[in-house]
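The first residue of the sequence shown is numbered 1, and numbering continues consecutively from there. What you see below is based on every heavy atom in this structure, not just the backbone, and it leaves out hydrogens, waters and symmetry mates.
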Amino acid sequence: MDFYTSADKADKVINLIKQNRDFTVPPLTEPFDFSGPVTFLVVSGIGTIRQYTVTVEADTGEGKFISF
């Protein structure tokens with residue numbers, strides 16, 4: 001297991017992609033288990049990487065937007 005700080009996460013991901021000549025962008029076709037938070041790393045066309053965490057709650061019918 002490797003541990004990386006947020007400062008070197010982008011470099012680590014880019015290096016992993018460069019080392020894997022067979023890398024292709026995986027399609028988001030598989031179902032996700034949203035019973036807990038799900039974290040995505042999104043790589044832009046220019047190589048910047050952002051991390052997003054998605055948390056899903058059951059709809060209570062009450063309108064609310066907590067954060068984005």
Sorted by chain and residue number, the salt bridge (charged side-chain N to carboxylate O under 4.0 Å, His left out) partners of E57 (sequence neighbours excluded) come out as K64
Can you name the one residue among Y52, F34, F32 that meets ring-ring contact (aromatic ring centres under 6.0 Å, His included) with F40?
F32
By side-chain hydrogen bond (donor to acceptor under 3.5 Å, both in side chains) - contacts of T39 (at least two apart):
T53
Write out all pairs satisfying salt bridge (charged side-chain N to carboxylate O under 4.0 Å, His left out) with one or both partners inside residues 32-43, taking only residues at least two apart or from two chains.
none
